[in-house]
Amino acid sequence: MKKLSYLFVAIWSLTLGCEQEADIPLPKVDQKIAVSCYISDETDTVRAYLRWSDPVFSNGLDEGKVVENASVILSGNGFSRTFSYNVQAQYYQLPVEGFDLAPGESYSLVVQTPDGAQISAQTTIPYFQADIRSASYERDAAVDQFNQYYVTFRFETVLGNSDSEEPYYRIVHYQKWEDPFIASTWYQTSNVWHEFEPGDSEERIISESSSYGYDTTLVAHKAYVIHCSEEYYRFHRGLENIGYGPFAEPAIVYSNVVNGLGVFASYRDWE
């Protein structure tokens, strides 16, 4: 037994002697420009938000830093216009004056920094607005002995697929409350994404949400049915797949930006 104990100690000592601190150089990953920009035929001012990305092996000190002094150009349908930078709001803006953002037309966004970094993206505004064949709204509320309420909302619509080449839709529902403690404002209560399958002519889409609170009164609600481009749809569906917490798995977020990250997309909405 003693011989076995001595043998174990010897092996353990040899194992400790083999330990070394690893000095592995991490790969250098350059930052990329991340952009968020959306256009519609009813847009009065196009806004482009530009940030520097935070690479996996970076120190994280520049995460989300605004990209300033960039040249941002929107072109298409016979025009080319340059954005101006709003220092206070920290985004680039372009009033839609003297040119058209038209359904069915394609547009490109090009961003270039003084040091030569350049990104680009393209989108086509859907030609059709959403084909809403019917819509209904229900509200079911109950109040307990403490004057607290539990409300369930149900918004149902039947959509027709009027554009088989761009079969992407979003339905978003908002509520406005009178609250004694905060100012009355609009709150998003539901969000549904839908993609028509080939051959589908119409779909019944149901959105439900619930609320639990105290001494508030619903004063208004509104819903938007948005016919969006594929870029718009893929990017936001990817965002919804992002998990949080120590056991969250990585999610791949769609991007249509060449040499960069983010999205340049388009839509048409119907309130």
Side-chain angles (χ1 to χ4, degrees), residues 33-50 67 70-86 89 91-113 118-133 157 159-172 191-203 223-239 253-271:
I33 300 174
V35 60
S36 174
C37 183
Y38 302 92
I39 60 174
S40 170
D41 59 312
E42 296 185 0
T43 301
D44 57 2
T45 300
V46 181
R47 295 177 177 85
Y49 297 82
L50 302 178
V67 179
S71 169
V72 184
I73 299 175
L74 176 69
S75 59
N77 198 22
F79 73 85
S80 180
R81 296 289 190 278
T82 301
F83 290 65
S84 62
Y85 183 62
N86 187 320
Y91 57 65
Y92 293 81
Q93 60 188 22
L94 175 64
V96 181
E97 297 177 356
F99 64 94
D100 292 326
L101 294 174
E105 295 292 337
S106 297
Y107 300 89
S108 63
L109 185 74
V110 176
V111 177
Q112 186 169 6
T113 61
Q118 180 172 308
I119 64 172
S120 62
Q122 292 185 333
T123 188
T124 300
I125 299 177
Y127 184 78
F128 295 101
Q129 283 184 313
D131 179 15
I132 305 174
R133 301 188 176 179
T157 183
L159 286 183
N161 184 12
S162 56
D163 185 358
S164 59
E165 294 185 359
E166 292 286 355
Y168 309 106
Y169 293 85
R170 176 190 182 190
I171 299 174
V172 59
N191 192 27
V192 174
W193 298 89
H194 182 74
E195 177 182 355
F196 276 93
E197 296 295 332
D200 290 343
S201 59
E202 69 176 27
E203 290 282 354
Y224 290 90
V225 180
I226 298 171
H227 187 187
C228 52
S229 66
E230 182 176 3
E231 305 86 31
Y232 188 115
Y233 180 87
R234 301 295 182 205
F235 177 76
H236 285 90
R237 287 302 301 267
L239 290 182
V253 179
Y254 174 90
S255 173
N256 69 324
V257 180
V258 179
N259 295 327
L261 301 170
V263 65
F264 172 54
S266 55
Y267 65 93
R268 301 194 73 189
D269 62 1
W270 189 268
E271 183 177 359

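Just so it is clear, the values below take in all heavy atoms, side chains as well, and ignore hydrogens, waters and symmetry mates.
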Any chance you could measure [X], atom [atom1], to [Y], atom [atom2], to the nearest 0.5 Å?
| X | Y | atom1 | atom2 | result |
| --- | --- | --- | --- | --- |
| L101 | E42 | CG | CD | 11.0 Å |
| T157 | E202 | OG1 | CD | 10.0 Å |
| I171 | L159 | CD1 | CG | 5.0 Å |
| S84 | Y91 | OG | OH | 9.5 Å |
| C228 | Y267 | SG | OH | 11.0 Å |
| C37 | L74 | SG | CG | 7.0 Å |

**OP:** If the plane angle is over 60° it's perpendicular, under 30° parallel, otherwise tilted; pick one for Y107 and F79.
**Re:** tilted

Pairing donors with acceptors under 3.5 angstrom, does anything connect the side chains of [X] and [Y]?
| X | Y | value |
| --- | --- | --- |
| E231 | S229 | yes |
| S106 | T124 | yes |
| Y224 | R170 | no |

Original post:
Any idea which heavy atoms bring V96 and T43 closest together, and the distance?
Top reply: CG2-O, 3.4 Å

**OP:** Indicate the atoms forming the closest heavy-atom contact of T82 with L94, along with that distance.
**Re:** O-CD1, 3.7 Å

**OP:** Look at the side chain of Y92 and the backbone N and O of I73, then say whether any donor-acceptor pair between them is shorter than 3.5 Å.
**Re:** no

**OP:** Say whether, by atom type as modelled, one donor and one acceptor occur between the side chain of N256 and the main chain of F264 under 3.5 angstrom.
**Re:** yes

Give a yes or no on whether the ring-centroid distance for [X] and [Y] is below 6.0 angstrom.
| X | Y | result |
| --- | --- | --- |
| Y38 | H236 | yes |
| Y169 | H227 | yes |
| Y168 | Y233 | yes |
| F235 | Y254 | no |

Subject >> Steps toward side-chain contact (heavy atoms from CB on, under 4.5 Å) verdict (I119, V258) >> reply: CA-CA 6 Å; I119 64 172; V258 179; over 6 Å; no

Subject >> Worked verdict on V263 versus V35 for side-chain contact (heavy atoms from CB on, under 4.5 Å) >> reply: CA-CA 6 Å; V263 65; V35 60; over 6 Å; no

Original post:
Can you find a heavy atom in the side chain of I226 that is under 4.5 Å from one in the side chain of R268?
Top reply: no

Original post:
Can S75 and S80 be said to form a side chain to side chain donor-acceptor pair (under 3.5 Å), step by step?
Top reply: CA-CA 4 Å; S75 59; S80 180; 4.8 Å; no

Could you list the donor-acceptor pairs under 3.5 angstrom formed between side-chain atoms of residues 125-132 and any protein atom two or more places apart in sequence or on another chain?
residue, atom, partner, partner atom, Å
Q129, NE2, D269, O, 3.4
D131, OD2, R133, NE, 3.0
D131, OD2, R133, NH2, 3.1

**OP:** Please lay out, stage by stage, how S120 and V111 fare under the test side-chain contact (heavy atoms from CB on, under 4.5 Å).
**Re:** CA-CA 6 Å; S120 62; V111 177; over 6 Å; no

Subject >> Candidate pair E195 and E230, rule side-chain contact (heavy atoms from CB on, under 4.5 Å), full reasoning >> reply: CA-CA 10 Å; E195 177 182 355; E230 182 176 3; over 6 Å; no

